[in-house]
Amino acid sequence: MQLAHCMMLRLSHGERLSGLGSEMPGDALPMSSAVPFSAAYRPLAGLFDEMFLEDGRARPGCEPIAQAIRSSPDLAVLQAMAERMLLRTGVTFNVYGERAGTERIFPFDVIPRIIDAATWQTLEAGLIQRVKALNAFVADVYGEGHILKDCVVPRDLILGSPQYRRGAIGLRPPHGVFITVAGIDLVRGADGRFRVLEDNVRTPSGVSYVIENRLMLTRLMPELLRECRVRSVEHYPADLLESLTELAPEGVERPTIALLTPGPYNSAFFEHVFLSQRMGVELVEGRDLVCIDHKLYMKTVHKLKQVHVLYRRIDDDFLDPVVFRPDSLLGVPGLTAAMHADSVAVANGIGTGIADDKAVFAYTPQMICYYLGEQPILPIVETFLLRDPEVRSKILRDLDRYVVKPTGASGGYGVVIGPRASDRELAEARERIESNPSGFVAQPMVKLSTHPTLITDEKGAPTPVPRHVDLRPFVLTGARPRVLAGGLTRVALREGSLIVNSSQGGGSKDTWVLDGPC
Amino acid sequence: MLRRVASHLFWTARNLERAEWRARLADVNYHLLVESPAASSDGWLPLLAITGERAEFSARYPAADEQSVLEFFTIDEKNPSSIRSCIGLARENCRALRNHISSEMWFEVNTLYLDAQRWSAATFHEYGVYEFFFELRERFYRIAGVVRNTMPRELGYDFLTVGRTLEAAENVSRLLDVKYHFLLPRPNDVGSPLDLSQWAAVLRSASALEAYIGTYGNAIRIDKVVEFLLFDETFPRAARFCIDRLEAALERIAAGGGEGESVPGARMLASRLRSGSASAVLGGGLHEYLLGVQEDCARISDEMFARYLRFE
Amino acid sequence: MRFRVRHVTRFSYQEPAYESHNELRLKPRESPHQHTLAFQLEVTPPAAIIEYKDAFGNHVHAVSVHEAHRELEVSAYSLVERTEPPTLEGLTHPFGEFLQGDSMRAQEEYDFLSASRYVPFSDPLKKLFWMVHPRMEEPVAEYTRRVVAWVRDQFSYEPGTTNVHSDVNDILSTGAGVCQDFAHLTLGILRLAGVPARYVSGYLAPRGRTRPLGAQASHAWIEALLPEAGWTGFDPTHGCLTTDHHLRLAVGRDYGDVPPLRGVYRSPGTNYTMGVMLDVGESGDFDADPQDPGATQQ
């Protein structure tokens, strides 16, 4: 009898490197008998393809990789191996709305996404500039409020935002850093230019996939990785730890750091485990913590141990029932007072959501000029505030050409894509907008760039086809900024789909930032 | 180590031990009934007496037949102590522990959990009761092996030990208590084949038959069974062996915190078992003695919670 | 005029409480007409206390008591210098002219012109507003005074009809309430009219020798931002301007921003009683031996 015969059983944690022996590349893998990759692959007309020009030639800089992939062992075999490894290592996320404890694999595509050194250099500078300005903005709106007094950003937009936290006023985090971890979503339109689609500066997730994806390709394509001189991503946890350490209250030389999770049922619990493990810090829940005399402690078996820096992955509203939602059991009563007492630093700080409010987003280029006196290096996707009656009537006339987003939500929830929406969906969106105009923004639909992605065709053969991708790089800020080379490339696996969110049928790719000219 | 983490470790071990123990109890009872069909009419009742679940069982099942008891005992999700429930609890505790246990341990526990999710009443028919429990036992041995071979001997391991040994000592004590009560009141049976097979079954429930024979020879005598299961210091399922390990683990935990004395209940019970003998406890009333052991176990649990695991 | 305030709040818990965290807003804030000469806070059991300012510039004391306790007593002592506030005389800025600055004020005074938790812009409130809407030639100060007096006349003061969590809709449906409700209602009307208005918590010092008992000296009123005059106090419960006996503690959008005491604690039990003893009097005329806090079952 077999109790364990179903493949589903492998949906679990348990990294078994030893068990992979015979499946590792280099062993007798079947060589590709299919048509060469680049011949089979056709970029879509009118879109920017990340790897190939319209005539089928690889983009400058991408030739070696296209060539290497072409001549490498069958991609399908690598893909199958990647999927097996994923199931074993248990890189999973929880899905809301499904049975408690449901863990899913985040689909992975074996063909890496390439960013050449020069492009990355610009991106990196643009990201640092952007996060610097966002940090200055958050510190300003919870401090003196200069940008509001100078009417660069309308005050009512800030004070009326559901993300504005009056409880954060007067808090002065070390180095003025509110946003320690930022995930900036970038897209590339038909012109090939990177634009910012949205910022994620509350508790952005996804970085664990970046590291796991790389680990996978290190095993599957070690030679190619080395040959292309791809920049490493594995130091991210160390960088995060360093950034957090730099936020320690004055006079604390060896701070105790902890990562606060809502618990095993959170969709990103895997990442919380992953990061705390890699950083070597304690993974805590609210009930592990207690504030005594305005200091934060964790309850260990033998004693209370003071915590100096808390990397929290729970929302503001649940952080401290004294100041925020009084019914919250996830947080720590008295934490805000401890922050006022400067005995503990919390990253990201309270109220950072004001900087990724989708209406405030429209003003980010002005923020960069205002705080840094510089022109934005990275443009943003044009964003219209529907609270402006003139703008609103113009957009509502052509609603089917725009993407409408609720200002307060994240994760792709509540987004209506005009060109793909039914008449009924458009009518409903129109109604929602008219009843609460300031709750929505509109952006023109960006025709996201495509990237070769391995999809099983109707004959059951995995074939590289163009699929839409975006990019979420991660920017850390402690005493100084640190950017993870590359970031999370998300790919919409369904044909024609523009939604890359993991909760809605998205997958991911490893992102290769090349260290020099190929 | 966080109190919550220690607590999860304790409950993981305790629930795994309970699940394993129940699997063995059910298995042995099944065999006993196969061998002596005469007793099968109410042959499943003693099983429920051992675990103290008779009332809960009869509230939801009309008859104590084999299928009903096995279902209640093994797969019934409404029964918080069914094997499936115990595995579920162990898995929930492990889930929050992924930083603190080996990935191998998580893999084994999670795999067992996922399998248990697919158990149904039909499972016994499909595989046969014997096959089912045989396989299940293997799984528990595998988990035990993984724990032993992948977990560093640190504080966390001590809490695993405390949970496991406390559960095991309580279980063996309850087994003896109930069996003694059921088997002795019929003087005619003493020395009869039925009686012997019953006591052999008691030993087998603790996987102790072979070890017993190795120590005392083929003759199964009640006083020797009591001596072996309660006071043997070499057999891993004997109460004394368990409590010795428990005491040592609690002493290491106390020393780690610079505490002068470990939890007092553990020292008391350990010394009580070290100085006990079957002849003395049978003379003075086995039931009272075992009650004392169970009370001590409960006290240890309380004291340990107050000292190391309580959150508030 | 100088006032002494002694404000004692005592919680008695049926089962011991522990991990108690509270935010206090008991230290009077400064204004051109009111200065805090001395302030002292005592908490038993002994507690760790830190002070900071909140979003509206109020003094906040964060108080943390970790050990188990059956009673928590918070005593705030203030010595306050209060001068007679100016009258509305000479304030003639007409509403029509005032409205020209409306969009600028909507930005600058956003918090005090918007709906808030206890002051939602509900349909009943809007209807009420139309019954007392401003006339274009009417001075803003005069309009504000008219609203305050009108609210006093339309609604009756009846303790017990509403509770501490009632919003404007509650007083609108019952037609009666206490100072907090009168204040919320007035805020709603003024905000709908475009006059920035904020909630004030404080004390009303008794005149002469009558001295209120229990929490009766605790009071709430409003301030309106008037052209030419700045923030000006009105007391809707009495239908008039504030006087030199209105002692301000804190200001906010509504009651939710300024409760004198707010916090959480852990306890195996849920029952507690809260008693408040308030003694407000002119300086030098102060009981040496205060009465026991009166107990009210929560």
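All chains are named by letter (A, B, ...) in the order of the sequence lines, taking the proteins before the strands, and each is independently numbered beginning at 1.
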Give the interface residues of residues 221-234 of chain C toward chain A, defined by a heavy-atom separation under 4.5 Å. none
Do the numbers put C:Arg105 on top of the ring of C:Phe98, so that NZ or CZ is under 6.0 Å from the six-membered ring centre and no more than 45° off the axis? yes
Option in A:Val290, A:Leu159, A:Leu157, A:Leu148 with maximal non-hydrogen atom pairs under 4.5 Å from chain C: A:Leu159
Any salt bridge linking A:Glu434 with A:Arg432? Criterion: basic side-chain nitrogen under 4.0 Å from a carboxylate oxygen. no
Could you look at A:Cys151 and say if it's the side chain, the backbone, both or neither that has a heavy atom under 4.5 Å from chain C? neither
Counting only non-hydrogen atoms closer than 4.5 Å, does C:Val63 touch chain A with its backbone (N, CA, C, O), its side chain (CB onward), both, or neither? backbone
Show every donor-acceptor pair shorter than 3.5 Å between a side-chain atom in residues 333-347 of chain A and any protein atom, with sequence neighbours excluded, or say none if there are none.
{"residue": "A:Thr336", "atom": "OG1", "partner": "A:Asp320", "partner atom": "OD2", "Å": "2.7"}
{"residue": "A:Ser343", "atom": "OG", "partner": "A:His294", "partner atom": "O", "Å": "2.7"}
{"residue": "A:Ser343", "atom": "OG", "partner": "A:Ala338", "partner atom": "O", "Å": "3.4"}

Contact origin within C:His66 toward chain A - heavy atom pairs under 4.5 Å: side chain
Contact class of C:Leu113 relative to chain A, heavy atoms under 4.5 angstrom: neither
Please say whether more than 12 non-hydrogen atoms of neighbouring residues, nucleotides or ligands are located less than 6.0 Å from NZ in C:Lys53. no
Taking the six-membered ring for Trp, is the centroid-to-centroid distance between C:His69 and C:Tyr13 below 6.0 Å? yes
Do the two ring centres, one from C:His184 and one from C:Tyr255, sit under 6.0 Å apart? no
Is the centre of the A:Tyr142 ring less than 6.0 Å from the centre of the A:Tyr164 ring? yes
Looking at the rings of C:Phe95 and C:His133, which for Trp means the six-membered one, are their centres under 6.0 Å apart? no
In this structure, which one of A:Asp156, A:Thr407, A:Asn436 forms a side-chain hydrogen bond (donor to acceptor under 3.5 Å, both in side chains) with A:Arg387? A:Asp156
Region of C:Phe56 in contact with chain A, defined by heavy-atom distances below 4.5 Å: side chain
